[in-house]
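Letters go in sequence order (proteins before strands), and every chain restarts at 1.
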Protein chains: 2
Amino acid sequence: MARPRRPAWQVERAKNRIFRATLELFNKHGYDAVTIRRIARRAGCSPATIYNYYSDKDALYLDILTEGFTILNRLLLARPHTADPLQRLRGYAAEFYRFSLEYPYYYDLMFSFHVPKYLDYAGTAAEKAAFAEKAVALKNIELLLDAFYELGWDGEPPEIPAEKALTLLGLCHGIISLHRSGIWAELDADFDTLYFSAVDNYLQRAVRGKKQVRTAGGAPGFTDG
Amino acid sequence: MARPRRPAWQVERAKNRIFRATLELFNKHGYDAVTIRRIARRAGCSPATIYNYYSDKDALYLDILTEGFTILNRLLLARPHTADPLQRLRGYAAEFYRFSLEYPYYYDLMFSFHVPKYLDYAGTAAEKAAFAEKAVALKNIELLLDAFYELGWDGEPPEIPAEKALTLLGLCHGIISLHRSGIWAELDADFDTLYFSAVDNYLQRAVRGKKQVRTAGGAPGFTDG
DNA sequence: ATCATTATATTAACACCGTTCAGATAACCC
DNA sequence: GGGTTATCTGAACGGTGTTAATATAATGAT
């Protein structure tokens, strides 16, 4: 026979050179600047070579996406741990906000664009990378979940904290996203205080409503559509 | 002299043929399918002709954007008017939700993508179209504003209803956006009930907190960033 | 050492994209 | 009809993601 495959670590190293080149371009010049040809130039290979390591550009973005969730996770975990879950959630919200300002490219990729995510890769060659992406993304949500569990009370149905966590995430993202989309650029609302007071109000509500949450009976009047 | 310009209505008619071709492509096949060449084919002209009527593709999207806000406005106004502002806001939220499902391409264009908006066109030839876009978009927000004003009390500082309106919009958009981005596709949270109970809870809070709103003193503890 | 084999890399192309510009076409006034 | 000019278009430019054919290079067997 002839020429066995390179050992896995060598393949990984070559793949990593492409990934790092992509990352540098992405960090410095943003989403649109990441083209196969520029990546190739920076990685010191030909454009076609990239397709030996990534099935297509989307698969490459899947790795970038994972990096984004990893950065966010590192930021969230880097905060000094506060025992009070409410205070912790406030911290998370503040960190999330800061992340959106410091890493706007990542933010859009992670939360705004329709970049292929885990489910889109089920059964494909990139499934493993997609699984990693999902896992890292979930780690962030789990931080919220933990805090809301602590904030809850004994016997609280387990779907309640999940609902609260997702709502908080939605609230934070919604305000950031609308701000970033430029929709209310003309309204000159003070974005900063809007964000923080909205989060604060929501959290206050989540804690004050402890005993009466769910007495509303599941959103009456909304079935009218 | 020779060959005067066509009357304005004729120019407008030609421009409109391009616009309608774009609209049809956009409605049927979405953002990515709208290419200058496809528009030209459908409008029965050459790609270059389009540039006689629109300075560039973004200017064309500005018109599509306006159409989206117009559709939304029509949907919101088509609802039977309810005297209770709270009930009306619920209706708006439901309609907003339905809009995101029925017009997903518009939704992304209006609220998610970084499409050039009014401010980006200040001083350019497309400023007039940009101004129309802004005006229509604001009409939608004003519906929310009106309801929150009614919901308030005499002597309420005027920035409070604005804050509430934008927060509600942020909340609605955030949940929809995260859902659409596919982030929590794997969490199998019931998206429907999540959306409506979040909105309901927020509105309940807005009405219950009438007398104590703002006693929180403007989001303490958030300056830590 | 050479050869056959095959993993890896590259070259060159394909079919697109948005945009521009020189030139064709066509409509009007004189 | 001729001159003028508004309007339209074909062809091109430089870009994109992707792929098929080809070249390079490394190894095991002879």
Side-chain angles (χ1 to χ4, degrees), chain A residues 1-19 21-22 25-26 29-65 109 113-116 120-121 124-126, chain B residues 1-19 21-22 25-26 29-65 109 113-116 120-121 124-126:
Chain A
M1 287 307 182
R3 183 145 201 198
R5 286 198 146 75
R6 288 173 302 186
W9 68 268
Q10 267 187 34
V11 175
E12 211 53 43
R13 199 162 57 101
K15 183 172 181 173
N16 203 254
R17 221 177 45 246
I18 293 171
F19 174 68
T22 311
L25 282 174
F26 183 78
H29 302 107
Y31 196 89
D32 290 338
V34 176
T35 75
I36 295 291
R37 282 169 176 79
R38 287 185 73 170
I39 295 168
R41 219 176 309 145
R42 186 173 278 256
C45 68
S46 117
T49 302
I50 291 172
Y51 290 85
N52 288 344
Y53 298 93
Y54 289 96
S55 63
D56 55 18
K57 207 186 169 189
D58 278 343
L60 226 176
Y61 267 122
L62 200 60
D63 272 12
I64 303 283
L65 204 58
L109 197 61
F113 294 167
H114 288 259
V115 161
D120 302 297
Y121 280 97
T124 74
Chain B
M1 289 307 177
R3 182 140 201 201
R5 285 197 149 73
R6 289 174 300 185
W9 66 268
Q10 266 186 35
V11 175
E12 210 52 45
R13 199 162 57 100
K15 184 172 182 173
N16 203 252
R17 219 176 47 247
I18 292 170
F19 175 67
T22 311
L25 281 174
F26 183 77
H29 302 106
Y31 196 88
D32 290 338
V34 175
T35 74
I36 297 290
R37 284 170 175 81
R38 287 184 74 169
I39 295 168
R41 221 176 307 147
R42 186 174 279 256
C45 69
S46 120
T49 302
I50 291 172
Y51 289 84
N52 289 343
Y53 298 93
Y54 290 96
S55 64
D56 55 18
K57 208 186 168 189
D58 279 343
L60 226 176
Y61 266 122
L62 199 61
D63 272 12
I64 303 282
L65 204 59
L109 198 61
F113 295 165
H114 289 258
V115 161
D120 303 298
Y121 280 97
T124 75

One should read off an interatomic distance between Y53(B) OH and N16(B) CG, to the nearest 0.5 angstrom, of 11.5 Å
N52(A) CG to dA7(C) C1', in whole Å, measures 9 Å
Whole-Å distance, Y53(A) OH to dT18(D) C1', equals 18 Å
For F113(A) and Y61(A), I'd like to know if the aromatic rings sit close, meaning centre-to-centre distance below 6.0 Å. no
To the nearest 0.5 Å, atom CZ of R6(A) lies from atom CD of E12(A) at 10.5 Å
Taking every heavy atom of P47(B) against every heavy atom of A40(B), the minimum-distance pair comes out as N-CB, 3.5 Å
From the list I39(A), I50(A), N52(A), side-chain contact (heavy atoms from CB on, under 4.5 Å) with C45(A) holds only for I50(A)
Quick note, A48(B) side chain, CB onward, closest among dT7(D), dT20(C), dT18(D) is dT20(C)
message: Does dT10(C) have its OP1 or OP2 closer than 4.0 Å to a side-chain nitrogen or oxygen of T49(A)?
response: yes
When rounded to whole Å, the CD1 to P distance for the pair I39(B) and dC16(C) reads 16 Å
Here the distance between atom C1' of dG2(D) and atom CZ of R3(B), to the nearest Å, is 16 Å
One should read off an interatomic distance between T49(B) OG1 and R17(B) CZ, to the nearest 0.5 angstrom, of 9.5 Å
Per-helix bend value, the helix from dA1(C)-dT30(D) to dC30(C)-dG1(D), C1' rotation axes over five pairs per end, 10° rounding, shows 30°
With sequence neighbours left out, the residues meeting side-chain contact (heavy atoms from CB on, under 4.5 Å) with D58(A) are D56(A), P116(A), Y121(A)
side-chain contact (heavy atoms from CB on, under 4.5 Å) filter on R38(B), not counting sequence neighbours, yields L25(B), H29(B), A33(B), T35(B), R41(B)
CG of D63(A) to CZ of F26(A), rounded to nearest 0.5 Å, is 12.5 Å
Contact check, residues 7-19 of chain B vs DNA chain D, heavy-atom distance under 4.0 Å, returns none
Judged by nearest nucleotide, the residue sitting upstream toward the 5' end of DNA chain C, P4(B) or P47(B), is P47(B)
Pick out the pairs of N or O atoms, protein on one side and nucleotides 14-17 of chain D on the other, that lie under 3.5 Å.
residue, atom, partner, partner atom, Å
dT16(D), OP1, T35(A), OG1, 3.1
dG17(D), OP1, I36(A), N, 3.3
dG17(D), OP1, K57(A), NZ, 3.0
dG17(D), OP2, I36(A), N, 2.9
dG17(D), N7, R37(A), NH1, 2.8
dG17(D), O6, R37(A), NH2, 3.0

Residue-phosphate contact under 4.0 Å: R6(B) side-chain N/O, dT7(D) OP1/OP2
yes
Here the distance between atom P of dT19(D) and atom CD1 of I50(A), to the nearest Å, is 13 Å
To the nearest angstrom, the CZ-P distance between R5(A) and dT5(C) comes to 18 Å
Under 3.5 Å, N/O pairs linking protein and nucleotides 22-24 of chain C:
none

Interatomic distance, OH@Y54(A) vs CG@L60(A), rounded to 0.5 Å, equals 5.0 Å
